[in-house]
Amino acid sequence: NCDWSSDVCSSDLEHSQTLFTRIAGVTMVELVVTLAVIAISLTLAIPAWLDFKEKRNMRKAAETIMSFVNLAQSSAIKLNEEVTIAWAATGSNHSQNFCIGASAAPQNTPCDCWENDDTDADFCAVDGIEYRLFKEEVAEVNSQFQHLRENTGHFTFEPVRGIVSDTSDDADVFNSSYMWYFHSDDPDRSDSGSSRMYGIQIRLNVTGRLHACQQTSRRSYVGGLPTC
C-alpha cells in the first residue's frame with residue numbers, strides 16, 4: 001500500500017503520467033517534423049505526377065486517333081470497298097475544335113464529320129454504322145490542342161491492299177513534317193516555365209501506315225516513341 005500524500009508516491013504518479021503521455025501521443029516537435037517531411041514529399045511528387053499525367057494523355061490521344069484510322073483501313077479490306085477518312089477543324093491552331101470521320105458507299109466520300117443527320121448522304125458511316133471521332137474524345141479540356149496540316153482534308157484506303165489511293169492534297173497528307181500534330185497545354189504548369197511540355201506528330205505514308213513520333217526539338221521527351 002502507498003500513502004498518496006507522501007512525496008515518494010506523488011513522484012511515482014507523475015512519472016507514470018509522463019510515461020503514459022509519451023507512449024500515447026507525440027510531442028509538438030515530432031508533429032512539426034512529420035508535417036515538414038510530408039510537405040517536402042508532396043512538393044517533389046506533384047511535378048512528377050503532372051509530367052506522368054501529361055505524357056499518358058498525349059500517348060492516349062495518339063493511340064486513339066491511330067486506332068480509329070487503322071480500323072477504317074481494315075474495314076476497307078474486309079468489306080472490299082473504298083473507305084475514305086475525312087477531317088475538319090474550326091478556328092485557328094490553338095482554338096481548334098475538330099472531328100475525323102470515315103465513310104464508304106452508299107455514303108458520300110469524303111463525308112462531313114460535322115453532319116449529325118444519319119439520313120443525310122454526307123453522314124460519316126461505314127457499313128451502316130456511324131464512324132466519327134471528336135476532339136473531346138481524345139483530348140481533355142485544356143490539355144491537348146490539335147494542329148491539322150489543313151483545316152479540311154481527306155484520303156482514301158483502296159480495298160485490296162489498304163493502301164492510300166486518293167488524297168485531297170499529297171503535299172499535305174504525306175507532308176514530311178506531319179499530317180496531324182498536337183501538344184500538351186496545361187496552364188497550371190508554372191513550375192516548368194512553359195505549359196507546352198510535350199509534342200507528338202502523326203504521319204502517314206502511301207502504304208496507309210500511320211506512325212507517331214515525338215517532337216524533341218521544341219518539346220520535352222515523351223518516352224516510348226521515336227523522335228521525328
Side-chain angles (χ1 to χ4, degrees), residues 53-78 83-104 109-115 123-126 129-157 162-164 166-170 172-186 196-216 219 222-228:
K53 181 182 178 182
E54 285 189 72
K55 291 178 183 180
R56 181 192 63 186
N57 288 342
M58 293 288 289
R59 291 290 301 273
K60 180 181 178 182
E63 290 166 359
T64 299
I65 292 173
M66 292 173 68
S67 294
F68 178 88
V69 176
N70 288 336
L71 183 58
Q73 183 184 35
S74 298
S75 296
I77 298 172
K78 177 182 177 181
V83 173
T84 299
I85 296 288
W87 65 89
T90 60
S92 59
N93 283 342
H94 293 121
S95 62
Q96 280 185 346
N97 187 21
F98 67 87
C99 61
I100 305 172
S103 58
T109 55
C111 62
D112 178 3
C113 57
W114 297 119
E115 178 58 64
F123 186 73
C124 294
V126 175
I129 301 173
E130 179 181 349
Y131 207 110
R132 295 190 293 174
L133 187 67
F134 294 94
K135 179 178 180 177
E136 58 266 25
E137 297 178 69
V138 299
E140 293 182 1
V141 176
N142 294 329
S143 63
Q144 291 104 24
F145 289 92
Q146 185 89 352
H147 297 248
L148 305 179
R149 174 55 63 179
E150 293 293 336
N151 278 10
T152 60
H154 70 267
F155 58 89
T156 299
F157 291 120
I163 64 174
V164 177
D166 177 51
T167 69
S168 52
D169 189 326
D170 287 349
D172 292 326
V173 174
F174 301 123
N175 190 283
S176 59
S177 294
Y178 61 84
M179 181 172 66
W180 298 321
Y181 166 68
F182 51 98
H183 60 71
S184 61
D185 196 356
D186 188 343
R196 300 173 189 171
M197 292 288 290
Y198 308 104
I200 292 180
Q201 298 177 4
I202 296 180
R203 302 181 180 185
L204 175 73
N205 62 32
V206 70
T207 65
R209 178 179 177 271
L210 283 174
H211 73 278
C213 58
Q214 54 189 322
Q215 185 192 28
T216 57
R219 313 294 180 202
V222 176
L225 294 174
T227 56
C228 298

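Source: prediction; values computed, not measured.
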Under the side chain to side chain contact (heavy atoms under 4.5 Å, CB included) rule, what do F98 and T152 come out as? Steps first, then yes or no, please. CA-CA 9 Å; F98 67 87; T152 60; over 6 Å; no

For a side chain to side chain contact (heavy atoms under 4.5 Å, CB included) check, start with the C-alpha distance between N97 and W114, then their side-chain angles and the critical distance, and finish with the verdict. CA-CA 11 Å; N97 187 21; W114 297 119; 3.8 Å; yes

Chi angles and distances behind the disulfide (SG to SG under 2.5 Å) call for C113, C99: CA-CA 6 Å; C113 57; C99 61; 1.9 Å; yes

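One distance of note links CD1 of I65 with NZ of K60; it measures 12.5 Å at 0.5 Å rounding. Note: M66 CE to L210 CG = 5.5 Å, rounded to the nearest 0.5 Å. Rounding to the nearest 0.5 Å gives a distance of 10.0 Å between CD1 of I202 and NE2 of H211. Atom CE of residue M179 and atom CG of residue L204 lie 4.5 Å apart, to the nearest 0.5 angstrom.
Residue S103 comes nearest to T109 through the heavy atom pair OG-CG2, 3.3 Å, listed as atom of the first residue, atom of the second, then distance. In plain terms, the two heavy atoms of A102 and I85 that are nearest each other are CB-CD1, 3.7 Å. When all heavy atoms of V164 and G208 are compared, the closest pair comes out as CG2-CA, 3.8 Å. Nearest approach of A72 to Y131, heavy atoms of both residues: N-OH, 3.0 Å. Contact record, Q214 with V222: OE1-N, 2.5 Å, taken as the closest heavy-atom pair.
Listed by chain and number, the residues in a ring pair (Phe, Tyr, Trp, His ring centres under 6.0 Å) with F123 amount to none (sequence neighbours excluded). Checked against side-chain hydrogen bond (donor to acceptor under 3.5 Å, both in side chains), T207 has the following partners two or more places apart in sequence or in another chain: N205. Partners of T156 by side-chain hydrogen bond (donor to acceptor under 3.5 Å, both in side chains), not counting sequence neighbours, listed by chain and number: T84. Applying the side-chain contact (heavy atoms from CB on, under 4.5 Å) test to C213 and every residue at least two apart in sequence or in another chain returns Q201, R203, P226, C228. Listed by chain and residue number, nothing satisfies the side-chain hydrogen bond (donor to acceptor under 3.5 Å, both in side chains) test with R59 (two or more places apart in sequence, or in another chain). Applying the side-chain hydrogen bond (donor to acceptor under 3.5 Å, both in side chains) test to N70 and every residue at least two apart in sequence or in another chain returns nothing. Residues forming a side-chain contact (heavy atoms from CB on, under 4.5 Å) with E137 (at least two apart in sequence, or on another chain): L133, F134. For I77, there are no side-chain contact (heavy atoms from CB on, under 4.5 Å) partners, not counting sequence neighbours.
Between W87 and W180, the ring planes are perpendicular. Angles over 60° get that label, and only those under 30° would be called parallel.
Counting heavy atoms from C-beta outward, I200 and F182 have side chains that approach closer than 4.5 Å.
At least one donor-acceptor pair closer than 3.5 Å links the side chain of R132 to the backbone N or O of E115.
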